[in-house]
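Have a look at the structure that comes next, please.
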Amino acid sequence: MLAYTEKIQETARKLLKDKTVDVFIGYKKGTVPMMNEPVLIRDPDKADMLYWDSFCGLNLCNYLTKREDRIGIVATGCNSRNMVTHIIENQIKREQLYIVGIPCTGMIDHRAVDREVGHREIVEVKEDGDSFTVTGRDFEETLEKKDFLQLNCRICRHHKPQ
Ligand code: SF4
């Protein structure tokens, strides 16, 4: 996941620097663990804000509607399908988009994790391959990602962006 973060940062920096796009839309680490947030970046020097892990579930396509600028955007399989719908419905033009596809392995359901730790406060989450570790003030648990995937990700058959 860290490798994807670096790759996304590198790509966004380059696209903004050489003015291929006016803005890059991706995720930044949330102020609250397990809640990464959408971020719009225009300054290449701010590309290191971009972040990627299995808590990037919010739909970035909501930021595409009726824009006129050229946009770089991170896409999973489902986001890319949503982009196609936006294009078909004339919400955005295909030529405005530079799509950075991520081979998605599914998003973690933060509510399920919260239940697992008995609603104790989680202060940090670290993902490592197929597992992730949640840390609180007086506990630490390592969990298998496959046991905590969002329902739509469990049944998803098209992880790769189209
Ligand atoms: S696993 Fe499928 S449904 Fe889940 S975020 Fe990835 S592409 Fe979307």
Side-chain angles (χ1 to χ4, degrees), residues 1-44 46-114 125-132 144-162:
M1 289 295 161
L2 206 58
Y4 286 138
T5 294
E6 284 169 10
K7 196 78 194 160
I8 292 167
Q9 291 176 354
E10 200 179 289
T11 305
R13 199 174 293 117
K14 184 177 181 310
L15 292 173
L16 289 166
K17 231 178 213 166
D18 64 19
K19 304 201 185 304
T20 304
V21 300
D22 304 307
V23 61
F24 191 93
I25 306 177
Y27 298 90
K28 66 175 180 177
K29 208 167 179 158
T31 44
V32 176
M34 304 194 291
M35 303 280 277
N36 292 336
E37 299 163 5
V39 63
L40 280 70
I41 292 181
R42 293 179 184 279
D43 178 352
K46 301 232 168 94
D48 55 5
M49 285 174 73
L50 290 158
Y51 190 73
W52 178 262
D53 67 8
S54 297
F55 297 96
C56 294
L58 289 175
N59 187 356
L60 295 182
C61 292
N62 296 334
Y63 296 85
L64 291 180
T65 310
K66 302 286 181 203
R67 295 186 72 106
E68 301 289 333
D69 45 1
R70 296 163 305 154
I71 305 157
I73 185 166
V74 167
T76 58
C78 56
N79 267 354
S80 75
R81 288 188 287 283
N82 215 314
M83 280 172 208
V84 172
T85 309
H86 273 65
I87 293 164
I88 291 169
E89 292 177 350
N90 289 321
Q91 301 290 336
I92 191 90
K93 293 190 186 77
R94 175 64 185 95
E95 55 271 24
Q96 280 175 266
L97 297 177
Y98 190 107
I99 301 168
V100 179
I102 311 288
C104 176
T105 56
M107 294 298 149
I108 295 169
D109 179 355
H110 66 92
R111 291 184 191 87
V113 178
D114 190 43
V125 181
K126 274 194 189 149
E127 194 173 347
D128 186 12
D130 294 335
S131 65
F132 61 103
E144 288 298 309
K145 186 174 152 175
K146 67 176 170 41
D147 299 331
F148 292 90
L149 287 178
Q150 293 178 5
L151 187 59
N152 56 330
C153 298
R154 280 187 226 167
I155 57 172
C156 177
R157 294 284 169 267
H158 304 285
H159 298 230
K160 288 189 184 163
Q162 304 299 308

Where do Cys153 and Met107 come nearest, in terms of heavy atoms and distance?
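Scanning both residues completely, I find the closest heavy atoms to be SG-N, 3.3 Å.
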Would you compute the distance between atom CD1 of Ile41 and atom CG of Asp48 and round it to the nearest 0.5 angstrom?
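The distance works out to 8.0 Å.
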For Phe148, is there any backbone N or O sitting under 3.5 Å from a side-chain donor or acceptor partner on Asp109?
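It does not hold such a pair.
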Side-chain touch Ile8/Tyr51, heavy atoms, less than 4.5 angstrom
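No - every pair of side-chain heavy atoms lies 4.5 Å or more apart.
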Apply side chain to side chain contact (heavy atoms under 4.5 Å, CB included) to His86 and Thr65, showing your working.
CA-CA 7 Å; His86 273 65; Thr65 310; 3.7 Å; yes
I'd like to know if the side chain of Lys145 reaches the main chain of Gly106, judged simply by a donor and an acceptor atom lying under 3.5 Å from each other, with no hydrogens or angles considered.
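Answer holds: yes.
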Looking only at heavy atoms, the pair that brings Arg13 and Pro44 closest together is CG-O, 3.6 Å
Within this structure, what is the OG-CD1 distance for the pair Ser80 and Ile102, rounded to the nearest 0.5 Å?
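Those atoms lie 11.5 Å apart.
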Check whether any side-chain heavy atom of His159 lies under 4.5 Å from a side-chain heavy atom of Pro103, and answer yes or no.
no
Taking all heavy atoms of Leu58 and all of Pro38, pick out the closest pair and write down the distance.
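Minimum heavy-atom separation between Leu58 and Pro38: CD1-CD, 3.7 Å.
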Starting at SG of Cys56, measure out to NZ of Lys28 and round the result to the nearest 0.5 Å.
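Going from the SG atom of Cys56 to the NZ atom of Lys28 covers 12.5 Å.
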When Lys29 is tested against each of Asn36, Val39, Val125 for side chain to side chain contact (heavy atoms under 4.5 Å, CB included), which residue passes?
Asn36
Given the rule in the side chain to side chain contact (heavy atoms under 4.5 Å, CB included) test, do Asp43 and Leu16 qualify, once you have shown the distances and angles that lead to the verdict?
CA-CA 7 Å; Asp43 178 352; Leu16 289 166; over 6 Å; no
Full working for side chain to side chain contact (heavy atoms under 4.5 Å, CB included) between Asp114 and His110:
CA-CA 6 Å; Asp114 190 43; His110 66 92; 5.8 Å; no
Taking the side chain as C-beta and beyond, is there a heavy-atom pair between Val74 and Leu50 under 4.5 Å?
no
Apply side chain to side chain contact (heavy atoms under 4.5 Å, CB included) to Ile92 and Ile71, showing your working.
CA-CA 10 Å; Ile92 191 90; Ile71 305 157; 3.7 Å; yes
Quick check: does any side chain N or O of Arg67 sit under 3.5 Å from a backbone N or O of Gln96, one acting as donor and the other as acceptor?
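It does not hold such a pair.
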Look up atom CG in Leu15 and atom OG1 in Thr20, then write down how far apart they are to the nearest 0.5 Å.
5.0 Å
For a quick test of reading the model, state the closest non-hydrogen atom pair linking Phe24 to Val100 and the distance between them.
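Looking at all heavy atoms of both residues, the shortest contact is CE1-CG2, 3.8 Å.
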For the atom pair CD1 (Ile87) and NZ (Lys93), what is the distance rounded to the nearest 0.5 Å?
11.5 Å
Taking C-beta and beyond as the side chain, do Val23 and Tyr63 meet within less than 4.5 Å on heavy atoms?
no
Side-chain heavy atoms of Gln91 within contact of Leu64, under 4.5 Å:
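They are not in side-chain contact.
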Check the surroundings of atom CZ in Arg154: do more than 12 heavy atoms from other residues, nucleotides or ligands lie under 6.0 Å from it?
yes
Crowded around Glu144 CD? As in, over 12 foreign heavy atoms under 6.0 Å?
yes
Any salt bridge between Lys7 and Glu10, counting N to O under 4.0 Å?
yes
Hey, mind stepping through Asp22 and Arg70 against salt bridge (charged side-chain N to carboxylate O under 4.0 Å, His left out) and telling me if it holds?
CA-CA 5 Å; Asp22 304 307; Arg70 296 163 305 154; 2.8 Å; yes
Show the nearest heavy-atom pair for residues Asn90 and Lys66, with the distance to one decimal.
O-NZ, 3.9 Å
Heavy-atom pair with the smallest gap, counting every atom of Ala75 and Met83:
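Closest approach of Ala75 to Met83: CB-CE, 3.6 Å.
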Quick check: are there more than 12 heavy atoms from other residues, nucleotides or ligands sitting under 6.0 Å from CG of Asp147?
yes
Answer yes or no: is there a side-chain heavy-atom contact under 4.5 Å between Leu60 and Tyr27?
yes
Non-hydrogen side-chain atoms of Ile99 and Arg94 separated by less than 4.5 Å
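Ile99 reaches Arg94 side chain to side chain.
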CE/Met34 to CD/Glu127 distance, rounded to the nearest 0.5 angstrom?
12.0 Å
Please examine the side chains of Arg42 and Asp69, heavy atoms only from C-beta on, and report whether any two atoms are closer than 4.5 Å.
yes
